[in-house]
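Encoded as structure tokens, the structure appears first; notes follow it.
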There are 2 protein chains.
Amino acid sequence: MPRRRQSVTIKHVAADAGVSLQTVSRVINNEANVRPQMKERVQKSIDKLGYVPSIAARRMSGSRSYLILALNDRERTIADWRAREGSDWVDQMLLGGMLKCAEHGYRLMVELVDTHSDHVQRELRAAIAALQPDGVLLTPPHSDNRLITDLLEDAKIPFARIGSRVQDDAIALTMGDDRLAKRAVRHLVEKGHRRIGFIAGPKDYAISDWRKAGWMEAMAEAGLRTDKLCERGDFGFASGERAARKLLERRERPTAIIASNDQMAMAANAVAHDMGLRVPGDLSLVSFDNTPVVRFVQPPLTAIDQPIAETVARAVELLIAAKNGDELPPMPVVVEGELIERQSVSRPPSQLAAARANG
Amino acid sequence: MPRRRQSVTIKHVAADAGVSLQTVSRVINNEANVRPQMKERVQKSIDKLGYVPSIAARRMSGSRSYLILALNDRERTIADWRAREGSDWVDQMLLGGMLKCAEHGYRLMVELVDTHSDHVQRELRAAIAALQPDGVLLTPPHSDNRLITDLLEDAKIPFARIGSRVQDDAIALTMGDDRLAKRAVRHLVEKGHRRIGFIAGPKDYAISDWRKAGWMEAMAEAGLRTDKLCERGDFGFASGERAARKLLERRERPTAIIASNDQMAMAANAVAHDMGLRVPGDLSLVSFDNTPVVRFVQPPLTAIDQPIAETVARAVELLIAAKNGDELPPMPVVVEGELIERQSVSRPPSQLAAARANG
DNA sequence: CTGAAAGCGCTAACAT
DNA sequence: ATGTTAGCGCTTTCAG
């Protein structure tokens with residue numbers, strides 16, 4: 001292999017504009033101490049020659065790699081991809097992250113690491129050594145993993161935690177999970193529901209507890225009981241079935257269920273049908289996440305939308321700001337989602353019957 | 001910003017092992033001319049120190065960047081992401097591409113470029129200058145874009161075309177579209193269908209014509225007519241509705257339709273329902289691509305699966321082989337998909353009626 | 001088989 | 001406000 005050289009380098013530009021390399025560098029990096037007239041002349045050469053700086057050379061010499069690393073859980077991500085069940089977390093991450101990166105001349109690289117193994121650190125260290133990213137995006141369930149955050153602090157690489165509330169000097173963003181859970185409860189209460197069940201997510205995801213806490217709080221505020229109304233799943237369909245069955249087989253069964261993610265909500269929907277319950281006539285359903293599939297089940301599910309793209313975009317912005325030494329807003333930053341009404345919520349059966357009797 | 005330095009460099013390893021930089025470099029790159037004993041000693045130091053070479057430094061000095069660039073159509077990709085309709089092309093690309101890259105110490109970077117604009121070339125040139133990728137993955141509708149392929153040839157960067165059959169010295173891969181279309185026709189013919197309609201894709205995608213050609217060929221082989229049985233769409237839902245309506249409003253309407261992608265198949269399904277036709281009772285449906293959503297519509301669609309992950313993985317392999325100067329197989333490489341049977345195909349109405357009468 | 005020297009394209013630090 | 005110098009971490013080239 002021949003030594004491959006850049007076709008147009010800073011040298012060519014400098015020669016063309018008749019200035020030093022440094023002046024060109026200053027123009028590229030938009031630094032002060034360049035006369036407008038000089039700047040314009042250099043810019044003209046840059047445009048003429050179609051010069052674009054080499055990211056590798058910049059990384060070598062300077063303090064920046066212009067790379068943001070998005071860390072995802074290997075096992076879960078690959079399982080989702082293979083299952084082809086329409087989970088679009090990674091797509092939304094790319095949508096928010098790539099476009100925001102591009103605005104700042106950065107690139108986003110996706111990296112998969114094993115959460116549950118001892119070599120998280122080895123894997124992460126290798127990625128850092130190979131790429132020297134300017135920032136790292138931590139997605140659940142990595143966001144609060146001390147093995148990861150300690151390592152990044154050591155390496156002095158800014159990191160942003162999606163779905164985290166840890167308050168320290170690092171960046172953390174949430175999607176307002178607790179408030180959204182409350183929003184879901186209130187929506188159901190307004191429809192007349194009083195026994196609102198909840199299917200919680202696994203404990204290793206912090207968001208699981210926030211969502212549950214929001215449910216409990218809103219229930220308390222509405223003067224409603226929560227005992228025997230909560231079961232825990234693991235975000236998988238099968239666990240959702242088990243949880244839903246338990247809730248629906250209770251003597252006083254809930255008239256509505258909030259599930260902590262879409263798979264478990266769809267499972268609850270399936271169980272309800274199995275048991276001869278109509279959705280939403282006999283059971284109302286609100287799901288969390290609003291992944292693509294919820295529009296395609298029968299009935300289409302009312303869901304809490306997670307603004308993943310927006311959150312990731314904000315995270316990238318903060319990461320770059322941190323790298324630039326800019327001041328950051330108080331943490332955690334909240335990018336709140338919203339309730340999307342579809343057709344899985346109605347008034348509870350008793351009220352529907354009353355309405356029919358009166359009408 | 002302080003000048004950031006690698007924590008462990010080749011120098012550290014060389015010092016630890018008591019050899020020259022060059023010897024370490026030879027070990028990393030698995031070059032000849034290192035005594036096994038020496039190699040082992042160096043490897044021990046590498047492991048001990050957790051050394052991982054900097055991708056930027058390797059790119060600077062050597063002929064490799066260890067980067068593969070996956071080029072996607074900006075407009076279409078972003079539209080898909082925003083629509084959240086469950087298209088998982090990018091995910092499958094990452095699944096196949098990232099994992100294969102990782103096997104070879106490479107990384108995959110996703111890049112979006114405008115196909116339809118004059119600045120394809122400017123955008124691509126910028127990406128090349130910035131990243132100097134060792135290979136480029138071209139996805140439809142870029143695969144046979146001369147503006148792109150000429151540029152890459154000029155830059156002497158190997159590229160792989162997904163969904164292309166152009167036969168030259170470059171890499172091309174198809175998923176056997178024509179044979180798969182024939183497979184779909186034969187499946188329907190076996191069920192007893194004789195009027196099998198076809199909704200073709202837009203002309204700017206080469207696969208559109210291959211799929212159509214396969215349909216025509218299989219129809220001819222079965223001794224069936226094709227006139228007035230084909231309409232063209234643009235892969236979008238609305239165009240699928242128009243096409244399906246045209247086909248189904250003909251005097252002799254088809255008893256089965258093959259649609260060139262899932263969105264158009266779902267549109268045909270919706271139109272059929274609108275017109276009071278049952279699927280599959282009155283109209284059988286086979287769709288192309290097998291994106292996640294086809295499982296969630298009623299009825300779940302029988303579909304031709306596109307092995308995107310596998311194809312991309314193969315493409316990456318070939319790209320790296322090309323970079324290494326290895327010999328390549330004859331082009332195009334075919335990674336064939338398969339027919340996934342679900343519930344949108346039955347025997348045609350006449351035969352169902354006959355069966356009922358006889359039974 | 002191993003080592004030393006040169007240099008990739010750029011920026012930080014230091015002149016001027 | 002601009003230029004000069006040194007060096008980032010690695011591989012290529014050439015010398016032993």
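For clarity, every value in this text was computed on a predicted model and none was experimentally measured. Order of the sequence lines fixes the chain letters, A, B, ..., with proteins taken first and strands second; residue numbering starts at 1 for each chain.
For Ser61(B) against dC10(D), a side-chain N or O and a base N or O form a donor-acceptor pair under 3.5 Å.
The side-chain heavy atoms of Arg26(B) and Met38(B), taken from C-beta on, include no pair separated by under 4.5 Å. In this structure, Ile162(A) and Met175(A) have side chains that are in contact, with non-hydrogen atoms separated by less than 4.5 Å. Side-chain contact between Arg74(A) and Glu123(A): present, with at least one pair of heavy atoms (C-beta onward) separated by less than 4.5 Å. Within the 4.5 Å cutoff, no side-chain heavy atoms of Pro307(B) are placed close to those of Arg314(B). With contacts defined as side-chain heavy-atom distances shorter than 4.5 Å, the pair Asp134(B)/Ile320(B) does not qualify.
Listed by residue number, there are no residues of residues 124-132 of chain B with a heavy-atom contact under 4.0 Å to DNA chain D. Listed by residue number, the members of residues 11-30 of chain A with any heavy atom below 4.0 angstrom from DNA chain C are Gln22(A), Ser25(A), Asn29(A). Listed by residue number, the members of residues 42-53 of chain A with any heavy atom below 4.0 angstrom from DNA chain C are Tyr51(A), Pro53(A).
Residue Arg35(A) places at least one side-chain N or O under 4.0 Å from the OP1 or OP2 atom of dT2(D). The phosphate of dC8(D) has OP1 or OP2 within less than 4.0 Å of a side-chain N or O from Arg5(B). Using a 4.0 Å cut-off, some side-chain N or O of Arg58(A) falls inside it from OP1 or OP2 of dT11(C).
Listed for the Ser65(A) side chain is a donor-acceptor partner under 3.5 Å among the backbone atoms of Gln132(A). Distance alone, capped at 3.5 Å, is enough to place a donor-acceptor pair between the Asn29(B) side chain and the Ser25(B) backbone.
Rounded to a whole Å, the CD atom of Glu31(A) is 12 Å from the C1' atom of dA1(D). Atoms CZ (Arg59(B)) and C1' (dT12(D)) sit 14 Å apart, rounded to a whole Å. Distance CE (Met60(B)) to C1' (dC10(D)): 9 Å, rounded to an integer number of Å. Between the CD1 atom of Ile10(A) and the C1' atom of dA12(C) there is a distance of 13 Å, rounded to whole Å. Across the protein-nucleic acid pair, Tyr66(A) atom OH and dG9(C) atom C1' stand 14 Å apart, rounded to whole Å.
Minimum interatomic distance between Gln121(A) and Leu147(A) (heavy atoms only, all atoms of both residues): NE2-O, 3.0 Å.
Counting non-hydrogen atoms of neighbouring residues, nucleotides and ligands closer than 6.0 angstrom, the CD atom of Glu31(B) exceeds 12 such neighbours.
Asp168(A) and Arg161(A) are joined by a salt bridge, as a carboxylate oxygen and a charged side-chain nitrogen come within less than 4.0 angstrom of each other.
Closest contact between the side chain of Asn33(B) and the listed nucleotides dG9(D), dC1(C), dC10(C) involves dC1(C).
Judged by distance alone, the side chains of Thr139(B) and His142(B) never bring a donor and an acceptor atom under 3.5 Å apart.
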